[in-house]
Each structure stands twice: as C-alpha cells, then as structure tokens.
Amino acid sequence: MNLDKKIYKKLLEVPKGKITTYGELAKAVGMKNGQRAVGKIMNKNPFPVIIPCHRVVKSDGKVGGYAYGEEIKSSMLTLEGIQIKNGKILDLENRIYRF
DNA sequence: GGTCCGGCACCAT
DNA sequence: GATGGTGCCGGAC
C-alpha cells in the first residue's frame, strides 16, 4: 500500500471529537520525521470530504494550516466539540487520539 | 516568542 | 532516471 494511502487510513481511525498531530500521524505510518511530508500529502489528499484532515493539528497545540483556510478548519473542529482559543486547541492532551 | 534548519515524500523540470 | 523546489511541520536555538 502506498504511504499516502496508509496515512489516510490512519487518519480515518481518529474518531469525531478527537484529533491527532502531524508528528503522531507520521510516526504511525513509520516516518519518524515525516511531519512535513504528511502535511504535503494532506494538502494533496484526493478525498477532502472523506478524509478528516481538519482533525490533524500541530504538536504545539495550534490548529495549523488548512487547504481551505484555517478558519474553516477551526469551525469544523468546534462543531465536533473541540474548543479553540486564538487558534490553539484547548485541553489538548485530552483531545489527542493516540494510535 | 520568533527564527532557522533539519527532514521526507511528491512533483515538475 | 536524477535533481531541486515545495509543503496544513517539529525541534532546537
């Protein structure tokens, strides 16, 4: 299976209301330092509707970027019950989904 | 808290 | 093929 496919599949494991980080996701598919690669792959993701790339945030707790805009991403997360303050995830440790 | 550089897959030369 | 630039980052300084 392609690496990107693996990433997408892993990401689908993240339940609604939970999030993960680029680093975690990268490690989950075997890339120790592939955070940036993950970001690029997310940006190129072929199924934007199916792939919940808005559930992936930066390891410092910030929301991070998003192909359709960070506000959109924040809104989506908020709708899923995740609280955000000034672009930062509140109660991060409690929201992170670990594979 | 801001900047810099490392690191990795992808795509266009 | 090989090479260089790039991107929803991360960690160090």
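Here is the naming used below: chain letters follow the sequence lines, and residue numbers restart at 1 for every chain.
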Participant: Relative to the 5' end of DNA chain C, which residue comes earlier, A/K40 or A/S59, by the nucleotide with the nearest heavy atom?
Facilitator: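 Its nucleotide being nearer the 5' end, the pick is A/K40.
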Participant: Which part of the nucleic acid, if any, lies within reach of A/M31 when heavy atoms closer than 4.0 Å are counted: base, sugar-phosphate only, or nothing?
Facilitator: sugar-phosphate
Participant: Using a heavy-atom cut-off of 4.0 Å across all strands, would you classify A/K32 as base, sugar-phosphate, or nothing?
Facilitator: nothing
Participant: Between B/dG6, B/dC10, C/dC8, which nucleotide gets closest to the side-chain atoms of A/D4?
Facilitator: B/dC10
Participant: Expressed in angstrom and rounded to an integer, what is the separation of A/Y68 atom OH from C/dG7 atom P?
Facilitator: 16 Å
Participant: Counting only Watson-Crick pairs (N1-N3 plus N6-O4 or O6-N4) and G-U wobbles (N1-O2, O6-N3), all under 3.5 Å, who is the partner of B/dG7?
Facilitator: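 Partner of B/dG7: none.
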Participant: Looking at the base of C/dG10, is there any donor atom on it, or on the side chain of A/R36, that sits under 3.5 Å from an acceptor on the other one?
Facilitator: no
Participant: On a heavy-atom basis, which atom in A/E13 and which in A/F99 lie closest, and how many Å separate them?
Facilitator: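 Scanning both residues completely, I find the closest heavy atoms to be OE1-CD2, 3.5 Å.
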Participant: So which one's nearest nucleotide on DNA chain C is more toward 5', A/A37 or A/T21?
Facilitator: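 The answer here is A/A37.
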Participant: Whole-Å distance between B/dA9 P and A/Y8 OH?
Facilitator: 14 Å
Participant: Could you say whether A/K44 or A/N33 is positioned toward the 5' end of DNA chain B, judged by the nucleotide with the nearest heavy atom to each?
Facilitator: A/N33
Participant: Rounded to whole Å, please give me the gap between OH in A/Y22 and C1' in B/dC8.
Facilitator: 16 Å
Participant: For A/G23, answer base if it contacts any base atom (sugar-phosphate contacts may also be present), sugar-phosphate if it contacts only those atoms, and nothing otherwise; contact means non-hydrogen atoms under 4.0 Å.
Facilitator: sugar-phosphate
Participant: Minimum heavy-atom separation for A/L12 and A/P52, please, with both atom names.
Facilitator: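 Closest pair (atom of A/L12, atom of A/P52, distance): CD2-CD, 3.7 Å.
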Participant: Nearest of B/dA9, C/dG10, C/dC8 to any side-chain atom of A/L3?
Facilitator: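 So the nucleotide nearest the side chain must be B/dA9.
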Participant: Of the options A/R95, A/K18, A/E80, A/M76, which is the one that meets A/R55 in a side chain to side chain contact (heavy atoms under 4.5 Å, CB included)?
Facilitator: A/E80
Participant: How close or far is atom P of B/dG7 from atom NZ of A/K27, stated in whole angstroms?
Facilitator: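 Those two atoms, NZ and P, are 17 Å apart.
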Participant: Pairing check on C/dC8: which nucleotide meets the Watson-Crick or G-U wobble criteria with it, both distances under 3.5 Å?
Facilitator: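 Its partner is none (no Watson-Crick or G-U wobble pair with both distances under 3.5 Å).
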Participant: With the side chain of A/K73 defined as its heavy atoms from C-beta on, choose the nearest nucleotide among B/dC10, C/dC8, C/dG10.
Facilitator: C/dC8
Participant: What are the two closest non-hydrogen atoms of A/K73 and A/H54, and how far apart are they?
Facilitator: CE-O, 3.6 Å
Participant: How close do A/V38 and A/M31 get, counting heavy atoms only, and between which atoms?
Facilitator: CG2-CE, 3.7 Å
Participant: What's the CG-P distance between A/L25 and B/dG7, to the nearest Å?
Facilitator: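 The answer, rounded to whole Å, is 21 Å.
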Participant: Check the distance between B/dG1's C1' and A/N86's CG and give it to me in whole angstrom.
Facilitator: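 To the nearest whole Å, that distance equals 15 Å.
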Participant: Whole angstrom is fine here: how far is it from CG in A/N43 over to C1' in C/dC8?
Facilitator: 7 Å
